[in-house]
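The structure under discussion appears below in the form of structure tokens.
Proteins get letters first, then strands, A, B, ... in listed order; numbering begins at 1 in each.
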Amino acid sequence: MSPAVLRLKRRPDFLRVAASGRRWVTPGLILQARRQPTGVANDAAASAVRIGFTVSRKVGNAVARNRARRRLRAAVERVVGVHARGGQDYVVIGRAGTLRRPFCALVADLEAALRRLDSYCPDRPDDDTARPPA
RNA sequence: CCAGACGGCCGGAUGGCCGCCUUCCGUGCGCGACAGCGUGGCGGGGGGAGGAAAGUCCGGGCUCCACGGAAACACGGUGCCGGGUAACGCCCGGCGGGGGCGACCCCAGGGAAAGUGCCACAGAAAGCAAACCGCCCUGCUUCGCUCUCACGAGCUUCGCGGGGUAAGGGUGAAAGGGUGCGGUAAGAGCGCACCGCGCCCCCGGCGACGGGGGCGGCACGGUAAACCCCACCGGGAGCAAAACCGAAUAGGGACGACGGGCCGGCUUGUCCGGCAGGCGCGUUUCCGCGCUGUCGUCCGGGUUGGUUGCGCGAGGCGUCCGGCAACGGGCGUCCCAGAUGAAUGGCCAUCUCCUCUGCCGCUCCGGCGGCGGAGGAACAGAACCCGGCUUACAGGCCGUCUGGCACU
């Protein structure tokens with residue numbers, strides 16, 4: 001089953017994912033992920049994926065930032081719905097390379113980042129605090 | 001055909017696959033008091049960034065706050081004239097000055113006889129008339145020459161003194177009108193002509209101003225993006241405005257219950273005031289400031305959030321009329337983005353254009369044509385809305401006009 005994909009819009013959510021979530025850096029993008037807090041996920045959206053985008057001023061002017069966010073969104077539409085694990089919050093961060101990188105490489109970057117972050121907690125979708133500290 | 005001036009317009013095109021926001025219609029689901037309400041279910045139709053959306057520099061609408069009216073003062077802005085406009089510092093048409101062979105372009109363009117200030121460097125002198133080198137006259141002295149028998153006279157060199165002058169030299173951004181002729185010892189508006197300047201009158205123009213005439217020998221330098229004067233305009237803040245709905249927590253108020261050391265007051269209530277105690281802060285003592293226990297109910301304010309504000313408008317397009325134009329008016333027609341971690345797109349293919357490059361052919365050796373390859377596609381993203389200004393911008397199209405060259 002493919003989980004529902006919701007948009008992350010609140011600033012506290014972004015700060016929470018950035019503060020203690022896991023991250024992986026690729027040439028085209030940076031992916032951050034964290035398990036959703038238990039109070040947020042009700043029964044209907046228990047397996048939903050929530051995702052947010054961050055493109056800072058370092059990428060360029062407003063036109064460049066819009067284009068970077070749209071390419072990232074298009075890549076997310078292809079990848080996240082089928083491959084991402086539910087119950088997680090993700091934040092995709094645009095970089096300077098997001099604009100110049102070929103689209104297929106951008107998709108591959110996202111898949112690789114997802115695989116890399118999933119491997120940190122392969123079999124415990126509901127509990128990431130019980131991980132042994134590194 | 002070449003070079004140029006001005007004005008207007010466009011801002012890659014087509015197709016395929018997958019999406020986003022909004023709106024309408026149909027339908028499903030849920031809740032219902034059977035009025036309806038909710039819906040991030042489904043299907044279909046419509047719409048969806050710019051000429052600058054930008055900078056946030058002016059002018060407005062709109063919202064809140066302040067304000068009895070008017071005037072004055074202060075502060076800020078504007079500054080040739082006449083129009084346009086809701087308004088403007090914008091636009092149009094003129095005037096004046098400057099530039100260009102020309103089409104055209106540029107101008108912070110009110111007042112310097114209201115007052116104050118400043119004019120560096122250079123220069124003799126920078127604002128009130130003066131005089132450094134000169135030029136001229138003259139007195140004395142001096143070197144010589146000529147004439148004379150002689151006394152002397154004339155010319156001349158060096159120097160000192162008295163006077164005249166502002167033509168010339170030189171300095172400067174600027175030196176008390178300019179050019180020419182006359183005039184003079186040399187000169188000078190000293191005189192005259194023209195030009196400039198000032199005043200007066202007449203004519204044309206709504207006006208800025210222009211044209212003509214007369215008078216005046218010329219007085220009145222520049223700087224107002226120095227203060228200033230004059231005329232006109234101007235309340236403040238801004239959609240994070242403002243209105244509404246409204247959790248959780250902390251704090252505020254009222255009421256009730258329980259609990260409160262001492263003193264004082266009386267309207268004797270477990271009412272009011274004070275002190276002590278406790279806690280916190282300022283560095284400790286002194287001293288000062290703030291708060292006074294617990295629970296419950298209610299009220300007001302109010303942050304995150306949500307809704308409204310929020311798009312029928314100084315609106316777009318077409319056409320006719322008035323006007324040189326900016327623009328105004330009539331008629332017809334259209335509804336044309338409303339996001340809010342922020343929609344309006346992502347990917348692919350073909351075409352178009354530009355740059356580099358490989359091969360072949362032609363060549364007047366500057367290049368041109370054909371077939372390929374690689375890279376690139378300007379500036380830039382609505383955020384309450386309009387009117388302007390300014391700045392950025394690959395490439396292209398259209399029109400009018402000017403100056404050349406060639407041909408008929």
Any strand is fair game: report the nucleotide pairing with [N] by Watson-Crick or G-U wobble, both distances under 3.5 Å, or none.
N       : result
B/rU307 : B/rA243
B/rU400 : B/rA5
B/rG301 : none
B/rC359 : B/rG370
B/rC158 : none
B/rC199 : B/rG214
B/rG234 : B/rC75
B/rU268 : none

Value in whole Å for how far the [atom2] atom of [N] lies from [atom1] of [X]:
X        : N       : atom1 : atom2 : value
A/Ile51  : B/rA342 : CD1   : P     : 12 Å
A/Asn61  : B/rA382 : CG    : C1'   : 15 Å
A/Asp89  : B/rG341 : CG    : P     : 17 Å
A/Leu15  : B/rG341 : CG    : P     : 14 Å
A/Leu110 : B/rC347 : CG    : C1'   : 16 Å
A/Arg101 : B/rC347 : CZ    : P     : 14 Å
A/Asn66  : B/rG341 : CG    : C1'   : 12 Å
A/Leu106 : B/rC348 : CG    : P     : 12 Å

Side chains of [X] and [Y], heavy atoms from C-beta outward: is any pair under 4.5 Å?
X       : Y       : value
A/Val92 : A/Thr54 : no
A/Arg95 : A/Val59 : no
A/Ile93 : A/Val55 : no

Judged by each residue's nearest nucleotide on RNA chain B, which is more toward the 5′ side, A/Glu77 or A/Val91?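 Upstream on the strand: A/Glu77.
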
More 5' along RNA chain B: A/Thr54 or A/Arg78, using each one's nearest nucleotide?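 Residue closer to the 5' terminus by nearest nucleotide: A/Thr54.
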
Report the glycosidic orientation of [N]: syn if within 90° of 0, anti in every other case.
N       : result
B/rA35  : syn
B/rC151 : anti
B/rG288 : anti
B/rG69  : anti
B/rA5   : anti

[atom1]/[X] to [atom2]/[Y] distance, rounded to the nearest 0.5 angstrom?
X       : Y       : atom1 : atom2 : result
A/Leu31 : A/Arg23 : CG    : CZ    : 10.0 Å
A/Asn66 : A/Arg73 : CG    : CZ    : 9.5 Å
A/Leu29 : A/Arg71 : CG    : CZ    : 11.0 Å

Look at all strands and tell whether A/Arg69 reaches a base, only sugar-phosphate, or nothing, counting heavy atoms closer than 4.0 Å.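 Contact class for A/Arg69: sugar-phosphate only.
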
Give A/Phe103 one of three labels, base, sugar-phosphate or nothing, depending on what nucleic acid heavy atoms sit under 4.0 Å from its own.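 Sugar-phosphate, backbone atoms only, no base.
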
Is any N or O donor-acceptor pair between the side chain of A/Arg70 and the base of B/rG381 shorter than 3.5 Å?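 Such a pair exists between side chain and base.
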
Side-chain N or O of A/Arg67 versus OP1/OP2 of B/rG346: is the shortest distance under 4.0 Å?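 Answer is yes, contact under 4.0 Å.
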
So, A/Asp89 and A/Arg34, do they make that salt bridge, N to O below 4.0 Å?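 No, this pair does not count.
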
Please tabulate, one pair per line, each protein N/O and nucleotide N/O from nucleotides 373-378 of chain B that are separated by under 3.5 Å, including the distance.
none

Applying side chain to side chain contact (heavy atoms under 4.5 Å, CB included), run through A/Leu114 and A/Tyr90 and close with a yes or a no. CA-CA 10 Å; A/Leu114 272 177; A/Tyr90 299 95; 3.7 Å; yes

Out of curiosity, does A/Phe53 fall in the hydrophobic cluster containing A/Val63 (side-chain heavy atoms, cut-off under 4.5 Å, transitive links)?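 Per the 4.5 Å side-chain linkage, A/Val63 and A/Phe53 are not co-clustered.
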
Taking the six-membered ring for Trp, does A/Phe14 stack with B/rG341 (centroid gap under 5.5 Å, planes within less than 30°)?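 Stack criterion met.
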
